[in-house]
2 protein chains.
Amino acid sequence: MLKPINTMKEVAKRAGVSVSTVSRVLANKDYIKANTRKKVEEAAKELNYRPNVMAKGLKLGRSNAIAIMIPSIDNLIFPEIVRGVEDVARSKNYVVTLCNTDEDVDKEKVYMKKLSNMGVDGMVVATMRADSHHITELYIDNFPVVLTSRHFDNTIDAIIIDNYRAAYDAVKYLISRGYKNIAIALGNKELPLYANRYAGYKDALLEANLTFNQEYVMEEINNTDSFYPLCTNLLKKHREIDCIFATNDIRAITCMRAIKDLGLNIPSDIGVMGFDDIKISALVEPPLTTTNQKLYEIGAKAARRLIEQIIYQKENGELLSPEIKILDTNLIIRKSTK
Amino acid sequence: MLKPINTMKEVAKRAGVSVSTVSRVLANKDYIKANTRKKVEEAAKELNYRPNVMAKGLKLGRSNAIAIMIPSIDNLIFPEIVRGVEDVARSKNYVVTLCNTDEDVDKEKVYMKKLSNMGVDGMVVATMRADSHHITELYIDNFPVVLTSRHFDNTIDAIIIDNYRAAYDAVKYLISRGYKNIAIALGNKELPLYANRYAGYKDALLEANLTFNQEYVMEEINNTDSFYPLCTNLLKKHREIDCIFATNDIRAITCMRAIKDLGLNIPSDIGVMGFDDIKISALVEPPLTTTNQKLYEIGAKAARRLIEQIIYQKENGELLSPEIKILDTNLIIRKSTK
DNA sequence: CTGAAAGCGCTAACAG
DNA sequence: CTGTTAGCGCTTTCAG
């Protein structure tokens, strides 16, 4: 272990004071005679004193570490969110532990146990599911948690977007551009975020008197990226489809690949719309029309709120009452739709 | 803090034994009478005992946490590497702390200090530079470090690829396909990995009796993604350029964007080759010809080696002698070159 | 204003 | 085979 070289004891000896005095000046507490403070500070500097975070944590019951729980950092919305989390955590002197769960509840539970044993001070979780009782329980125990991406109910802090509305608006836009047979590349609809995007899609269709066709819905097969064959098959069968609404950008880009490999043109033969606006989406050919959600900001806001809760909790023994923050989204019109 | 509810003391009381006995059975040490073991295990289960990692860490001088230091998780090679690290860390019961440094040495030093105070057991670092003395010093102090992506010298464990050779082979392939005026989209050439790719590029050119033209090298301007304008301007000025060798995939994809916006066709007007083979590269239009490096494996191997070193170091007080593992790379021929 | 002492939860001699 | 004891490095009463 890279352990701190010198302890308070040695600083104390060198400064000719007691460890409690050292502790006090280093923590900036109480009144200290200016002279003692100076002696201690000098001694600390000379010895290159560095605090032992574990000892402090053991004593104080906190670690200045938070965790972020996500399905996988490989899913390109998460690098941006995680970066937001990490930036504000660092700025507030917290360190972040990254946990990939692959949507596997068992893996997640194991992690939670580990983290709890480690004494992390809070966590931002992007893996909430309807049945994630292990998470709601944390909250009940006054353990700081903030949800991102996925919302549960109004009892836990969350930074989210209005998935229904965003999808609804997006599909409405497609319709306004003259698309009539709009298929959907749908993520796991057990997850409310996709259920909501799905509902927005359907409602926009219905409102425009377009019939919703069950055959037009491509559903991801057990969390694998299966949209290339799905899309290929769908378009072979239904050449009347003129547009695909994908529930995230990677799915959109995958469908674009399939469409081009079929020799079809985007957007003149088929329009494609994504969701999320990950960075790569501006670069692909054609640049992807999509709905922007401020991923970095979601992460940053989540971390900020989390730390606010941690501090409040420490001082008051309970959490601030939950806040659900709904960030707005924007339609980004690029070239993959006509 | 989500703190473990019950301590060993309480388990001991319930089982009617001493804490040391509890400690022993829970750590599976020494010989324990079968009956005592049973009593303790039952008590622990009934009380839902969970160890306090900080206390253990304080006592033992280790934390079962490692860190990974990278420029930014936003750079798409890192999600894959980090995933590799995290997977093996988790499997060996380590937790990983993510540190983005933005190539900023000061930020990195602050992190290192923090991590050291926290008692992380080791770190994989992808941010090595020629002047990273703070890192070589760690190693000298027998602190486990393994480098990825960037190599320093043979005194520190590293999992890398042969950047020179890979670039050389790549450019040689381009030449074999008939390209004659090959420009390069070059990353920061202070970094050996880019210097090496650059050298490979030059040497392949020279060997084929193609003149190396300084005007053909686009250089990134202070770590910002500036290749779109760079590429646009270069091609406007030098319409004889028939191919671009980019030193990573994102730069390649950015150049592709610029090329298309100029109304040029890939690969018939201009070929483009990337480097890294990040996942998105197979999906873009046209699919990117590139050099694959096994990013996930690099991360996984780095973590495995790191943990090996941690364990060895704990037992022997010193590190295993350094090993530089050079993973092979593969040219992936797709459609962005003719 | 400062020191002594207790103790956070755990492990590891040491002594039976 | 098991209990007693000391102590990891720090903070925090409690007394001066």
Side-chain angles (χ1 to χ4, degrees), chain A residues 1-41 43-44 47-64 114 116-121 314-315, chain B residues 1-41 43-44 47-64 114 116-121 314-315:
Chain A
M1 186 192 80
L2 215 209
K3 101 160 61 165
I5 326 266
N6 290 298
T7 66
M8 275 193 175
K9 202 165 154 190
E10 317 191 53
V11 176
K13 197 191 307 170
R14 180 165 191 117
V17 298
S18 72
V19 288
S20 16
T21 300
V22 174
S23 174
R24 281 190 271 254
V25 351
L26 265 25
N28 259 312
K29 286 219 173 151
D30 308 342
Y31 290 96
I32 308 277
K33 218 200 299 178
N35 184 39
T36 345
R37 147 158 286 126
K38 212 182 87 198
K39 279 192 302 183
V40 171
E41 280 167 349
L47 293 175
N48 188 26
Y49 170 75
R50 300 219 310 280
N52 180 317
V53 171
M54 286 197 284
K56 186 169 177 170
L58 175 59
K59 181 69 190 170
L60 261 34
R62 63 199 146 76
S63 60
N64 267 48
K114 187 85 200 293
S116 118
N117 296 350
M118 283 174 53
V120 298
D121 296 332
K314 182 174 61 194
E315 285 169 0
Chain B
M1 186 191 78
L2 214 208
K3 103 160 59 167
I5 325 267
N6 290 299
T7 67
M8 276 194 174
K9 201 164 153 191
E10 317 192 53
V11 175
K13 196 192 310 172
R14 181 168 189 115
V17 298
S18 74
V19 288
S20 20
T21 300
V22 175
S23 174
R24 281 190 273 255
V25 351
L26 265 24
N28 259 311
K29 286 218 174 151
D30 308 341
Y31 291 96
I32 307 279
K33 217 199 302 178
N35 184 40
T36 350
R37 148 158 284 126
K38 213 183 87 201
K39 279 190 303 182
V40 171
E41 280 167 349
L47 293 176
N48 188 28
Y49 171 75
R50 300 220 310 280
N52 180 317
V53 172
M54 286 197 285
K56 187 170 176 167
L58 174 60
K59 180 71 189 169
L60 260 35
R62 62 197 146 77
S63 60
N64 268 50
K114 187 85 199 291
S116 119
N117 296 351
M118 281 175 53
V120 298
D121 296 333
K314 182 173 63 193
E315 284 169 0

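Quantities reported herein were computed from a predicted structural model and do not represent experimental measurements. Here is how names work: the chains are called A, B, and so on, in the same order as the sequence lines, proteins then strands, and each is numbered from 1.
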Report task. Considering just the side-chain nitrogens and oxygens of T21(A), establish if one lies under 4.0 Å of OP1 or OP2 belonging to dT2(C). Result -> no
Notebook entry, point to check: Tell me, do M8(A) and S23(A) make a side-chain contact under 4.5 Å, heavy atoms counted?
Noted result: yes
Out of dG9(D), dC1(C), dG9(C), minimum distance to the side chain of T36(A) belongs to dC1(C)
Phosphate OP1/OP2 of dT11(C): any S23(B) side-chain N/O under 4.0 Å: yes
Quiz prompt | Pairwise side-chain contact, V53(A) with N64(A), heavy-atom cut-off 4.5 Å (strictly under) | solution = no
Scanning both residues in full, the closest heavy-atom pair of S63(B) with V120(B) reads OG-CA, 3.4 Å
When rounded to whole Å, the CG to P distance for the pair L60(A) and dG9(C) reads 12 Å
Here the distance between atom P of dT11(C) and atom NZ of K314(B), to the nearest Å, is 13 Å
Shortest non-hydrogen pair, Y49(B) vs L26(B), comes out as CE2-CD2, 3.6 Å
Taken to the nearest whole Å, NZ/K9(B) to P/dG7(C) is 8 Å
N52(A) CG to dC8(C) P, in whole Å, measures 18 Å
Rounded to whole Å, the CG-P distance (L26(B) to dT2(D)) equals 14 Å
Residue pair N35(A)/V19(A) against DNA chain C: nearer the 5' end by closest nucleotide is N35(A)
Looking only at dC10(C), dT12(D), dG3(C), the nucleotide nearest the K59(B) side chain is dC10(C)
I want to check one thing: is the phosphate of dG9(D), taken as OP1 and OP2, less than 4.0 Å away from some side-chain N or O of T7(A)? no
Closest of dT2(C), dG3(C), dT11(C) to the M8(B) side chain is dT11(C)
Check: Is it the case that more than 12 heavy atoms not belonging to K314(B) sit under 6.0 Å from its NZ atom?
Finding: yes
Rounded to whole Å, the CD-C1' distance (E10(B) to dC10(C)) equals 14 Å
Spell out yes or no: do the side chain of S20(B) and the base of dT4(D) have one donor N/O and one acceptor N/O closer than 3.5 Å?
yes
query = Considering only heavy atoms from C-beta outward, does the side chain of L58(A) approach that of N52(B) to under 4.5 Å?
reply = yes
Test item: K114(A) and N117(A) side chains (from C-beta on) under 4.5 Å apart, heavy atoms: no
Closest of dG9(D), dT11(C), dG3(D) to the L58(A) side chain is dG9(D)
To the nearest 10 degrees, the angle between the two end axes of the helix from dC1(C)-dG16(D) to dG16(C)-dC1(D) (five pairs per end) comes to 50°
In whole angstroms, the gap separating P of dG3(C) from CZ of R24(A) amounts to 8 Å
N64(A) atom CG is separated from dC10(D) atom C1', nearest whole Å, by 14 Å
